[in-house]
Protein chains: 2
Amino acid sequence: MTSFIVDSRETNSRIPVHLRELGVEFEMQEMAAGDFHVGEFLIERKSITDLAKSILDGRLFEQAELIAQASERPAILIEGNLLDLPNDMHPDAMPGAISALSVFWGLSVFSSPNQLGTARLLARLHHHQVNGLGYEVATRVLKPKDKPDGAQAQYLVSGLPGVGPEMARKLLGHFGSARAVFAASIHELAQCNGVGPKTAVAIATALDQSPTKFRVTKKATI
Amino acid sequence: MTSFIVDSRETNSRIPVHLRELGVEFEMQEMAAGDFHVGEFLIERKSITDLAKSILDGRLFEQAELIAQASERPAILIEGNLLDLPNDMHPDAMPGAISALSVFWGLSVFSSPNQLGTARLLARLHHHQVNGLGYEVATRVLKPKDKPDGAQAQYLVSGLPGVGPEMARKLLGHFGSARAVFAASIHELAQCNGVGPKTAVAIATALDQSPTKFRVTKKATI
DNA sequence: ACTTCCGATCCTTGA
DNA sequence: TCAAGGATCGGAAGT
């Protein structure tokens with residue numbers, strides 16, 4: 001699950017070098033299918049020209065089959081500019097291949113501009129699977145700095161469902177402080193001008209919601 | 001499902017035109033989340049610059065969450081050259097975003113060079129899902145769309161000064177509900193792990209401050 | 001998204 | 001037992 005294996009043939013590329021520069025630890029092995037084994041991903045790396053070649057000679061889908069059967073999370077990583085195609089290639093060929101890989105073989109289709117980009121992506125994929133995000137996604141950006149007036153309270157109250165800056169102002173005027181707003185019952189809330197029964201209920205619900213489960217770090221599998 | 005729905009906002013782009021030129025039939029609708037609904041895929045289209053912007057202002061997560069919860073097969077389609085990034089952006093940011101979208105939100109990450117490429121890819125995705133390969137492909141089971149319970153409360157509480165997502169989580173765990181957090185005294189707040197005297201005072205101050213409209217005296221500063 | 005920086009909190013030590 | 005010091009965590013801001 002936390003493994004990072006690089007196929008020995010990748011010594012031809014600068015990927016292993018870049019990975020080391022990025023401080024990633026990995027093993028090199030002869031791999032039966034794919035080029036990188038990063039956590040649950042099994043990834044086949046293809047430069048855009050190699051990909052074009054594989055499409056034309058029909059070998060692409062064999063390889064797709066291989067990695068699709070070898071992993072729960074098969075992926076292809078297309079490296080290079082998507083416009084660098086052989087002139088004689090049909091313009092639908094590349095999109096068609098990407099679509100087929102995704103629809104029929106369930107592959108994730110990553111893309112990177114160059115070998116360094118590839119290394120960075122691999123490193124991040126690994127890091128994310130090992131450490132998660134390392135932090136929680138920032139909720140509530142743009143917090144006001146400590147202003148002496150009620151801006152702080154207004155911002156706080158405007159976090160309630162259905163409450164924007166204007167409604168927050170009304171609520172604060174009616175109740176006197178943020179603490180009082182948050183202590184109010186549904187009925188009391190509804191007394192405030194601008195607050196109807198629906199909003200009142202929504203507010204009370206949010207306030208009384210119990211923290212049975214929390215997302216610490218989001219974990220999803222495909 | 002063989003539907004092909006395009007969000008009405010896409011009229012700004014040339015995608016619908018290209019699609020018609022490619023002989024694809026589709027409907028245009030106002031979509032709640034995403035830009036294209038192609039078979040089982042729900043796809044959000046982002047130009048590389050828009051994507052960069054969304055990363056910087058943190059808006060990307062919300063959108064990812066939206067389409068991830070609205071579909072079994074959520075996807076993002078990155079349009080443009082992956083090297084066209086704001087040069088003030090950290091080089092690890094874009095790969096990190098792609099990785100996170102894939103690992104944590106289970107999104108497929110497509111890529112296309114331009115609007116025509118996007119249209120071609122969409123067309124092929126549709127065609128493949130309609131006409132298939134003669135057999136059904138086992139579509140992978142996607143994410144446990146665990147709607148985080150208490151997210152609303154966490155958002156609300158993280159509006160307090162010195163309180164981010166993590167502290168909010170701790171506070172809610174300690175007090176049981178947002179209402180209880182907002183009712184707590186300085187001393188009670190300080191009981192919570194991670195909350196010291198400074199933070200406790202800051203929180204209480206924010207809660208009890210009243211709009212200064214009526215206050216004559218000013219806060220003394222050193 | 002990532003990184004850097006800073007302040008607050010918590011933990012350990014040693015008197 | 002408590003105070004001072006240093007390690008750690010989390011938040012805020014900038015790229």
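These numbers were taken from a predicted model, which means no experiment stands behind them. Each chain gets a letter, A, B and so on, in the order its sequence line appears, and its residues count up from 1.
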Contact class for [X] vs. all strands (heavy atom < 4.0 Å): base, sugar-phosphate, or nothing?
{"X": "B:Pro197", "value": "sugar-phosphate"}
{"X": "B:Met167", "value": "sugar-phosphate"}
{"X": "B:Asn87", "value": "nothing"}
{"X": "A:His128", "value": "sugar-phosphate"}
{"X": "B:Ala97", "value": "sugar-phosphate"}
{"X": "B:Leu56", "value": "base"}
{"X": "B:Pro95", "value": "nothing"}
{"X": "B:Lys53", "value": "nothing"}

In whole angstrom, give the distance that lies between atom [atom1] of [X] and atom [atom2] of [N].
{"X": "B:Asp92", "N": "C:dT3", "atom1": "CG", "atom2": "P", "value": "6 Å"}
{"X": "B:Asn193", "N": "D:dG10", "atom1": "CG", "atom2": "P", "value": "10 Å"}
{"X": "B:Ile78", "N": "C:dA1", "atom1": "CD1", "atom2": "P", "value": "14 Å"}
{"X": "B:Asp57", "N": "D:dT15", "atom1": "CG", "atom2": "P", "value": "16 Å"}
{"X": "B:Gln154", "N": "D:dG10", "atom1": "CD", "atom2": "C1'", "value": "14 Å"}
{"X": "B:Lys170", "N": "D:dG11", "atom1": "NZ", "atom2": "P", "value": "8 Å"}
{"X": "B:Arg169", "N": "D:dC9", "atom1": "CZ", "atom2": "C1'", "value": "12 Å"}

**Q.** CA sep, side-chain torsions, deciding dist, call: B:Leu83, A:Asn81, side chain to side chain contact (heavy atoms under 4.5 Å, CB included)
**A.** CA-CA 9 Å; B:Leu83 289 174; A:Asn81 191 322; over 6 Å; no
**Q.** Side chains of B:Met94 and B:Leu51 in contact at under 4.5 Å (non-hydrogen atoms)
**A.**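 Yes, at least one pair of side-chain atoms sits under 4.5 Å.
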**Q.** Closest listed nucleotide, where the reference is the side chain of A:Val137 and the choices are C:dA8, C:dA1, D:dA12
**A.**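 Of all the options, the side chain of A:Val137 is nearest to C:dA1.
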**Q.** Parallel, tilted or perpendicular: rings of B:Phe182 and A:Phe182 (30°, 60°)
**A.**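 Rings of A:Phe182 and B:Phe182: parallel, as their planes differ by under 30°.
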Q. Of the options B:Arg120, B:Glu10, B:Arg14, which is the one that meets B:Gln115 in a side chain to side chain contact (heavy atoms under 4.5 Å, CB included)?
A. B:Arg14
Q: Let me see the working for B:Arg59 and B:Glu62 under salt bridge (Lys or Arg N to Asp or Glu O under 4.0 Å), right down to the final yes or no.
A: CA-CA 6 Å; B:Arg59 216 185 64 197; B:Glu62 298 173 26; over 6 Å; no
